[in-house]
Amino acid sequence: MKIIILGSASNAVARTAELIAQKIRSKPDAVLGLATGATMLPLYDALVVHHQRGLSFAGVTSFNLDEYVGLPAPHPQSYRSYMNAALFDRVDINLALTHLPQGDAPDPEVEAMRYEALIAQSGGIDLQLLGIGRNGHIGFNEPTSSLASRTRVKTLTRETRDVNRDAFGPGEDTPSFALTMGIANILEASECVLLATGKSKAKAVASAIEGPLAAICPASALQLHPKATFILDEDAAALLKLREYYLPIQPA
Ligand code: F6R
């Protein structure tokens with residue numbers, strides 16, 4: 001695992017954007033796995049700046065990790081709407097090559113199989129971008145998700161629903177279920193990059209990197225991945241015991 005600790009959230013975001021931009025430059029038809037959430041908003045802004053400076057997304061295919069069950073794509077709080085607003089409508093990506101699980105599919109199990117087949121048809125994910133939940137989730141693989149899990153419907157924890165509430169209107173409850181890629185799918189990507197910023201992520205980050213490999217912290221599954229990079233700001237790295245070991249290996 002590569003552990004990159006940078007002095008500020010904006011530096012962590014810039015480094016992550018640079019890594020993604022490099023991937024697209026070296027492989028213009030790259031298949032990207034994408035994530036949503038508050039952490040990713042400045043990252044997508046940074047990718048838009050790369051685009052304004054000449055980076056083309058025209059050949060890129062993307063697969064998002066998850067979508068709320070029950071929300072149709074045009075719903076303002078769907079992850080499809082989030083992705084269109086945060087990135088897809090702001091760069092030259094071919095919308096037909098951008099994929100998210102269909103939240104309102106009549107049969108979510110069939111949808112999960114369709115989604116996995118589509119990823120396989122595209123040749124698999126070259127670079128999987130990840131955030132991390134305060135409870136250590138990746139995608140919406142909540143604690144105790146099997147480390148061998150595949151795309152499926154997952155019940156969201158109360159904590160995750162409360163954290164996600166900001167995106168919803170007052171009095172509107174957040175969905176209870178999400179269709180999410182499983183941990184096994186995430187581990188199948190050629191490369192994983194997890195971006196975490198802020199104090200609220202410090203405990204989960206420490207468990208993921210230095211804790212035991214355990215379903216109670218789904219992000220710890222990245223310990224099994226041969227090419228996983230954590231890009232952290234100082235706050236998210238605050239509880240790492242081996243900080244002094246990581247710093248000179250991956251200097252800012
Ligand atoms: C959503 C996803 C989640 C988020 C995580 C962190 O697609 O992959 O695992 O990355 O919930 O969300 P924020 O960034 O809002 O703290």
Side-chain angles (χ1 to χ4, degrees), residues 9-10 12-13 16-17 20 32-47 62-69 71 73 75 77-88 98-103 112 115 119 125 127-145 149 151-168 174-187 189 192-205 207-208 215 217-222 228-233 235-236:
S10 57
V13 163
T16 309
I20 296 170
L32 300 181
L34 297 177
T36 54
T39 312
M40 299 303 154
L41 290 172
L43 174 71
Y44 293 138
D45 287 343
L47 286 176
S62 71
F63 288 94
N64 267 78
L65 285 162
D66 39 30
E67 179 59 281
Y68 288 121
V69 169
L71 296 196
H75 190 283
Q77 271 77 41
S78 74
Y79 283 152
R80 162 56 76 182
S81 297
Y82 167 111
M83 287 307 305
N84 286 353
L87 183 68
F88 299 155
T98 66
H99 307 282
L100 288 93
Q102 191 194 326
Y115 200 62
I119 295 173
I125 291 174
L127 187 153
Q128 177 65 58
L129 174 67
L130 298 163
I132 185 169
R134 293 164 201 218
N135 61 8
H137 71 218
I138 45 175
F140 274 138
N141 296 285
E142 297 283 32
T144 72
S145 287
S149 53
T151 307
R152 69 212 183 289
V153 172
K154 200 59 203 160
T155 306
L156 301 178
T157 62
R158 187 71 253 176
E159 184 191 11
T160 297
R161 294 175 63 197
D162 288 346
V163 169
N164 293 350
R165 182 175 306 283
D166 285 356
F168 287 77
T174 45
S176 309
F177 303 100
L179 250 168
T180 181
M181 279 189 212
I183 294 175
N185 302 99
I186 291 170
L187 294 179
C192 289
V193 177
L194 187 149
L195 170 66
T197 54
K199 277 195 175 56
S200 66
K201 302 295 172 67
K203 202 163 147 258
V205 163
S207 304
C217 179
S220 68
L222 293 173
T229 302
F230 286 75
I231 304 183
L232 312 169
D233 68 354
D235 284 342

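As the structure lists them, so they are numbered: ligands from 1, and atoms in each ligand from 1. This is a predicted model, so every value here is computed, not measured.
Partners of D235 according to the salt bridge (charged side-chain N to carboxylate O under 4.0 Å, His left out) rule, which considers only residues two or more places apart in sequence or in another chain, are K199. Every salt bridge (charged side-chain N to carboxylate O under 4.0 Å, His left out) that D45 has, sequence neighbours left out, goes to R90. Among residues two or more places apart in sequence or in another chain, the salt bridge (charged side-chain N to carboxylate O under 4.0 Å, His left out) test is passed with R161 by D173.
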Legend entry - Stepwise side-chain contact (heavy atoms from CB on, under 4.5 Å) test for F230 and L222: CA-CA 10 Å; F230 286 75; L222 293 173; 3.8 Å; yes
Inset, instruction - Take N64 and Y82 through the side-chain contact (heavy atoms from CB on, under 4.5 Å) test and state the conclusion after the steps. - result: CA-CA 11 Å; N64 267 78; Y82 167 111; 5.9 Å; no
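Inspection of the R152 and S145 side chains reveals an N or O donor paired with an N or O acceptor under 3.5 Å.
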Give me the pairs of N or O atoms, one from ligand 1 and one from the protein, that sit under 3.5 Å apart.
unit_1, atom_1, unit_2, atom_2, d
ligand 1, 7 (O), T36, N, 3.0
ligand 1, 7 (O), T36, OG1, 2.7
ligand 1, 7 (O), D66, OD1, 2.7
ligand 1, 7 (O), D66, OD2, 3.2
ligand 1, 9 (O), G139, N, 3.4
ligand 1, 9 (O), G139, O, 2.7
ligand 1, 11 (O), H137, NE2, 2.6
ligand 1, 14 (O), A38, N, 3.4
ligand 1, 14 (O), T39, N, 2.9
ligand 1, 14 (O), T39, OG1, 2.4
ligand 1, 15 (O), A38, N, 2.8
ligand 1, 16 (O), K201, NZ, 2.7

